Amino acid sequence: MPELPEVETIKEDLREHVVGAKVERAELLDRSLVEHPKAGEFERRLEGVDIIGARRRAKHLVVELGSGDSLVFQLKIGGQFLLVPPVEEPTSSLMLVLHLDGARRVFLRDETGYTRAQIYTAEELSERFADLGPEPFSEGFTSGYLKEKVGGRRARIKPLLLDQKVVSGVGNIYVDELLFDAKVHPRRKANSFSDEEWEEVHSAISGNLRAGIEHRGTTFSLYRDLLGRKGSHQNHLKVFLREGGECPRCGVKIVKEKVGGRATFLCPACQREDGSGDNGQLELL
DNA sequence: CAATCAACCTGGGTGC
DNA sequence: TGCACCCAGGTTGATT
């Protein structure tokens, strides 16, 4: 579930509510959370340390510790990070509880059990993130970068944009939305794009991610922010999960297909597989 | 390099 | 109600 906007929202919530607290005790309830477990080490490295910062890299949530370590979470599909009053304490699917000073607790729960966490030293962390592509809001992420990076490849655009080595933070919801905005079919080959189309794709990436952040994320079922609230971006989606609904641009029915093994929603009239249309190649020939 | 598939786990939704 | 089956916002690694 959590793509860039969702993780960004949780990170901001952590900054507001949790950064500055001390971890008194860590309770690891599901050992499968930790990627490379050594008996007791995970809990030990969290005990008594201050939480001095929170940040996001791609879809990773990074909790910075006073010890110099970083606690990194990959929430994957179903991970929830919850700071809630005791009365609303979640009881199922719990993987980790951080007992903070002031009797507060942060719960990590995940119905799917896919969430993974790991503690890294500064050096290990930069190694871990070494292969990630640029952040969509960084200076280096431009339409020129996209063209340079994948413009020569024969692969389809959707799987390329989901590849975290190309650009980090885009997931299955936002990629469908941004390709709709750019009027690009998800199956188009990257080497068929014009400069204008790279610009359209580039600006649609930032536009859609920004809107997602603005609306505090997309909640279909599992996603919650730190205080357990739903996001509202699901109310602004144009194609995702709207199979059979009308295209907001032209009124044609939205269809669902599989592209790169992933459920994919698109407008078959606005997003032509042959690339014809507003941004297409054919009219240039 | 490109495409497909299975795996990781669990719960929810659907259809019979 | 019960049950079998399919699906899931992510990522990785094997295979062809």
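Both backbone and side-chain heavy atoms feed into the values below; hydrogens, waters and symmetry mates do not. Residue numbers begin at 1 in each chain, while the letters A, B, ... track the order of the sequences. As the structure is a prediction and not an experimental result, all values here were calculated from the model.
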Chemist: Give one of base, sugar-phosphate or nothing for A:Thr219, where a contact means two heavy atoms less than 4.0 Å apart.
Modeler: base

Chemist: Counting only heavy atoms and a strict 4.0 angstrom limit, can you tell me which residues of residues 116-131 of chain A come near DNA chain C?
Modeler: none

Chemist: Measure the distance from CG on A:Leu209 to P on C:dG9 and round it to the nearest whole Å.
Modeler: 17 Å

Chemist: Checking A:Phe220 against A:Ile173 for the side-chain contact (heavy atoms from CB on, under 4.5 Å) test, could you report, in this order, the C-alpha distance in whole Å, the side-chain angles of both residues, the deciding distance, and whether it holds?
Modeler: CA-CA 11 Å; A:Phe220 291 131; A:Ile173 298 174; 3.6 Å; yes

Chemist: Between C:dG9, B:dC1, B:dC9, which nucleotide gets closest to the side-chain atoms of A:Thr112?
Modeler: B:dC9

Chemist: A cation-pi test, strictly: NZ or CZ of A:Arg242 under 6.0 Å from the centre of the six-membered ring of A:Phe265 and no more than 45 degrees from its axis. Yes or no?
Modeler: no

Chemist: Please determine whether the number of non-hydrogen atoms from other residues, nucleotides or ligands lying under 6.0 Å from atom NZ of A:Lys147 exceeds 12.
Modeler: no

Chemist: Under 6.0 Å from the CD atom of A:Glu127, do we count more than 12 heavy atoms belonging to anything else shown?
Modeler: no

Chemist: Does atom CD (A:Glu148) have a neighbourhood of more than 12 heavy atoms from anything else shown, all under 6.0 Å?
Modeler: no

Chemist: From CD of A:Glu243 over to P of C:dC7, roughly how many Å is that when rounded to an integer?
Modeler: 12 Å

Chemist: Taking the side chain of A:Lys256 as its heavy atoms from C-beta onward, which of C:dA8, C:dG9, B:dA2 lies nearest to it?
Modeler: C:dA8

Chemist: Give me the distance, rounded to whole Å, that separates C:dG13 from B:dC9 when you measure between the P atoms they each carry.
Modeler: 15 Å

Chemist: Tell me the interatomic distance from A:Leu162, atom CG, to C:dG10, atom P, rounded to whole angstroms.
Modeler: 7 Å

Chemist: Using the P atom as the point on both nucleotides, what is the distance between C:dA8 and B:dT4, in whole Å?
Modeler: 16 Å

Chemist: What residues, two or more places apart in sequence or in another chain, satisfy side-chain hydrogen bond (donor to acceptor under 3.5 Å, both in side chains) together with A:Arg116?
Modeler: none

Chemist: Picking from B:dG11, C:dT11, C:dG9, which would you name as closest to the side chain of A:Glu111?
Modeler: B:dG11

Chemist: If we check side chain to side chain contact (heavy atoms under 4.5 Å, CB included) with A:Lys158, which of these qualifies: A:Leu161, A:Leu162, A:Leu160?
Modeler: A:Leu162

Chemist: Of the nucleotides B:dC9, C:dG9, B:dA3, which has the atom closest to the A:Tyr114 side chain?
Modeler: B:dC9

Chemist: Quote, to the nearest angstrom, the P distance that separates B:dA6 from C:dC6.
Modeler: 12 Å

Chemist: Please report the distance, rounded to the nearest Å, between NZ in A:Lys76 and P in C:dT11.
Modeler: 8 Å

Chemist: Let's see if you can work this out: which of C:dT11, C:dG9, B:dC9 has an atom nearest to the side-chain heavy atoms of A:Phe220?
Modeler: C:dG9

Chemist: Does A:Arg31 count as lying over the ring of A:Phe42, i.e. NZ or CZ under 6.0 Å from the six-ring centre, within 45 degrees of the axis?
Modeler: no

Chemist: Parallel, tilted or perpendicular for A:Tyr174 and A:His233, by the 30°/60° rule?
Modeler: parallel

Chemist: C:dT11, OP1 or OP2 - any side-chain N/O from A:Lys59 closer than 4.0 Å?
Modeler: yes

Chemist: Take the protein atom CG of A:Leu94 and the nucleotide atom P of B:dC9, then report the distance between them rounded to whole Å.
Modeler: 18 Å

Chemist: Measuring from the side chain of A:Lys258 (C-beta onward, heavy atoms only), which nucleotide among C:dT11, C:dA8, C:dG9 has the closest atom?
Modeler: C:dA8

Chemist: Taking the side chain of A:Arg154 as heavy atoms from C-beta outward, which of B:dA3, C:dT11, B:dC1 is closest to it?
Modeler: B:dC1

Chemist: Report yes if a donor N or O on one partner sits less than 3.5 Å from an acceptor N or O on the other, where the partners are the side chain of A:Ser93 and the base of B:dG11; otherwise report no.
Modeler: no

Chemist: Indicate whether OP1 or OP2 belonging to B:dT4 is found under 4.0 Å from a side-chain N or O atom of A:Arg156.
Modeler: yes

Chemist: Given atom CG of A:Leu61 and atom P of C:dG9, what is their separation to the nearest angstrom?
Modeler: 21 Å

Chemist: Tell me what A:Gly261 touches on the nucleic acid: a base, only sugar-phosphate, or nothing, going by heavy atoms under 4.0 Å.
Modeler: nothing

Chemist: Nearest to the side chain of A:Lys189, which nucleotide is it out of C:dG10, B:dA3, C:dA8?
Modeler: B:dA3

Chemist: Please name the nucleotide paired to C:dT11 by Watson-Crick or G-U wobble geometry with both distances under 3.5 Å, or report none.
Modeler: B:dA7

Chemist: Find the distance A:Glu8:CD to C:dG9:P and express it as a whole number of Å.
Modeler: 22 Å

Chemist: Atom CG of A:Asp110 to atom P of C:dA8: distance rounded to whole Å?
Modeler: 17 Å

